[in-house]
Amino acid sequence: MRTTVNKPRSHMISLEHEAPSDLRHYYAQMLLLRRFEERTSEMYVKAKIGGYCHLNLGEEATIVGLNAALTPDDYVFTNYREHGYILARGADPKRVMAELFGKETGVSGGRGGSMHLFDAERHFMGGYAIVGGQVPLAVGAAYALKYQGRPGVVIAQMGDATTNIGAFYESLNLAKLWQLPVIFFIVNNGYGMGTAVERGSSEPNLAKKGASFRIHGERVDGTDVIAVRDAVRRLRQKAEQDHEPAILDVVSFRFRGHSVIDADRYRDAGAVRRGREKFDPITSFATRLLDQQIADQAFLDTTAQQIDAEVQAAIDFATTSPDPQAADLYTFMYATPVANTPAADDALRAVRINRGEE
Amino acid sequence: MELPPDLLHQAHYWMRLTRALDDRGTFLHKQSKIVGGYFSQIGHEAISVGAALALGPDDVAAPMHRDLGAYLVRGITPQRILAQYLGRVDGVSHGRDGNIHGMGDLNYGIVGFISHLPASLPVMVGMAHAFVLKGEARVAMGFYGDGGSSQGLSHEALNWAATFRLPVVFICENNQYAYSTPVVRQMYVDNIADRALGYGMPGAVVDGNDLSAVYHVTRTAVERARNGEGPTLIECKTMRMRGHAIHDNMAYVPPTLLEEWAQRDPILRLEAHMQERGLLDDAALSDLLARIEAELDAAQAFAEQSPYPDPTTLTDGVYA
């Protein structure tokens, strides 16, 4: 087995030429993502959230850096680990938490849950539960942008292991062949569920996987918000202006198991603990802000308080929101009327009969 | 690199037999004796024969519909193949299939062709993985085309084979057209073999109409695989000289392209090479062709006398 250094390699960029208000905004956004996910984990344990749930802990700089480089014209397609992306895109944390709770007030009307967040207005085109399922859709959206002569690019976000899926390969081929404005944004946290990158991919340097299609690839430290932002900006410009697709391999460290129910036994517990400290994008960014006197401790404290209150308000909103009505079972299922769709009453009656209640 | 005379004579016989059998299939289809589709492989003889000759007796291969030569080299006889085409009980699938699909026979290391391309590749990767787990020094050879190379399944197969260093030889027959889609409208790269880079495996581009070149490159890859050095991707460049299947008049192919490739016919090239080396003359060639025609006459007579399958056996062979 070849061993590769699949850990973030930070080469911290100077903050000298940055607008302090931007930097403080990035910090606040990253902290929102962190606290939102920590409370989500807590709500899951309290059984307020059901089903699958995947957290973005440790990926805050990756997400905020990406978002900082995008414009409102751009579209984002992600996998199922997407809470942070929709928040960074500007969705109301209340409606996101309500969706995790399965409530009517959620961004998908309570029908989607953790893996199916959606916000068309903000061009957040959804979390997709099938590994790799979002990638061809993103390429299709990029085709539409080019075909309709509209500005903007499409972000096809995915995990490291998705690059071993056939749909990824087909998407790369068509993106280059048709010269589409799409960036393949690989969140490389070192593990595809329990499989280390080099145990699932014959080429562990994922930025190189575009070579077979003449697609340019780069690797960036996913724990450095500025590095991620600058890399996306550069590739975004080439994608939009020259219709050159690209791969960005964004390396970060997964703080916990694959999902909330994964005990993470395949990783050395000590190494994980040390990794959390070493690769924490928020504490390292806070240190830089303090060192360069862009923020003081009072700012950090106030921000933390505000965010804690904001996340608590989201939880309160989700808790008090109504469940979807049974009569709405088929609402939102089809965009246009479809013949022979059963009425909600009939479907519910079938459920009761199955349960022996009728 | 020059191949030894006996190997050239063998290859020459198989290539001529392949083409004559292919032509015979076309005639039988035109006589409505073969029903359904019929796939010609004219132009692919050097690839299927050269690659199959590079395998050892215990190795396995999953040839496609353009690899009639590989079936023959591995030991499936013209009698059984013609009986197969005619849907008779002596066909390879005992009359269950009337086509080159369903000509698998594991006694000869042939995995039956799966029409979905490149669905055979994961099967070969799986067999190669089994060989490794069992400690057997055997090699699996998977065939696919330029069209199949655009499918995600080929990515998954290549990645798996490379990650686990499996004894697989991938033969990609780039015949310029995936049905009616030319290669330039399918991919942005010049060579499919360049994709090997993305998997950390060696890739080779070979002139698919040059028997010696195909044999040499394939043989090297087979030995590499057998020595535990992992898979190889070989792209054989050739031209499909007929339509996708017999119904296809391939009006989408520029006639000049066909004329150009006709100059590089793999059989005529091999014969010119053998004549140059004094291994073949006109009389010997006439003898060989006559011998092959007689062999095929006998095979056809056998096939036409073979009965259709008994309807009461309808469900035999459906499940293992």
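Sequence lines set the chain letters: A, B, ... in the order given, protein chains first and strands last, and positions in each chain run from 1.
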**Request:** Would you mind checking which part of B:R165 comes under 4.5 Å of any heavy atom in chain A, side chain (CB onward), backbone (N, CA, C, O), both or neither?
**Result:** neither
**Prompt:** If you draw a 6.0 Å radius around CD in A:Q179, do more than 12 non-hydrogen atoms from other residues or ligands fall strictly inside?
**Reply:** yes
**Request:** Evaluate the side-chain proximity of B:T163 to A:S201: yes if any heavy-atom separation is below 4.5 Å, no if none is.
**Result:** no
**Fill in**
Between B:G152 and A:Y169, the two heavy atoms sitting closest are CA-CD2, 3.9 Å
**Prompt:** So what's closer than 4.5 Å to chain B heavy atoms on A:N164: side chain, backbone, both or neither?
**Reply:** both
**Prompt:** What do you reckon, is NE2 of B:H116 surrounded by more than 12 foreign heavy atoms closer than 6.0 Å?
**Reply:** no
**Item:** B:W261 atom CH2: more than 12 heavy-atom contacts under 6.0 Å
**Value:** yes
**Prompt:** Under 6.0 Å from the CD1 atom of A:I130, do we count more than 12 heavy atoms belonging to anything else shown?
**Reply:** no
**Request:** For A:Y266, look at atom OH and say whether over 12 heavy atoms of other residues, nucleotides or ligands are found less than 6.0 Å away.
**Result:** yes
**Message:** Can you tell me which of B:G203, B:S149, B:A157 forms the most heavy-atom pairs within a distance under 4.5 Å of chain A?
**Reply:** B:S149
**Item:** Atom pair CZ (A:F168) and CG (B:N159), whose distance is rounded to the nearest 0.5 Å
**Value:** 10.5 Å
**Asked** Is A:E203 reaching over with its side chain to a backbone N or O of B:G200, donor-acceptor style, under 3.5 angstrom?
**Response** no
**Fill in**
When rounded to the nearest 0.5 Å, the distance separating NE2 of B:H155 from OG1 of A:T163 is 6.0 Å
**Item:** Distance (rounded to the nearest 0.5 Å) between B:R185 CZ and A:L177 CG
**Value:** 9.0 Å
**Asked** In terms of heavy-atom proximity below 4.5 Å to chain B, should A:I165 be classed as side chain, backbone, both, or neither?
**Response** both
**Message:** Using only non-hydrogen atoms and a strict under-4.5 angstrom cutoff, which residues of residues 186-198 of chain B touch chain A?
**Reply:** B:Q186, B:M187, B:Y188, B:V189, B:D190, B:R195, B:L197, B:G198
**A:K146 atom NZ, over 12 foreign heavy atoms within 6.0 Å** = yes
**Item:** Any residue of residues 78-85 of chain A which, by heavy atoms, sits under 4.5 Å from chain B
**Value:** none
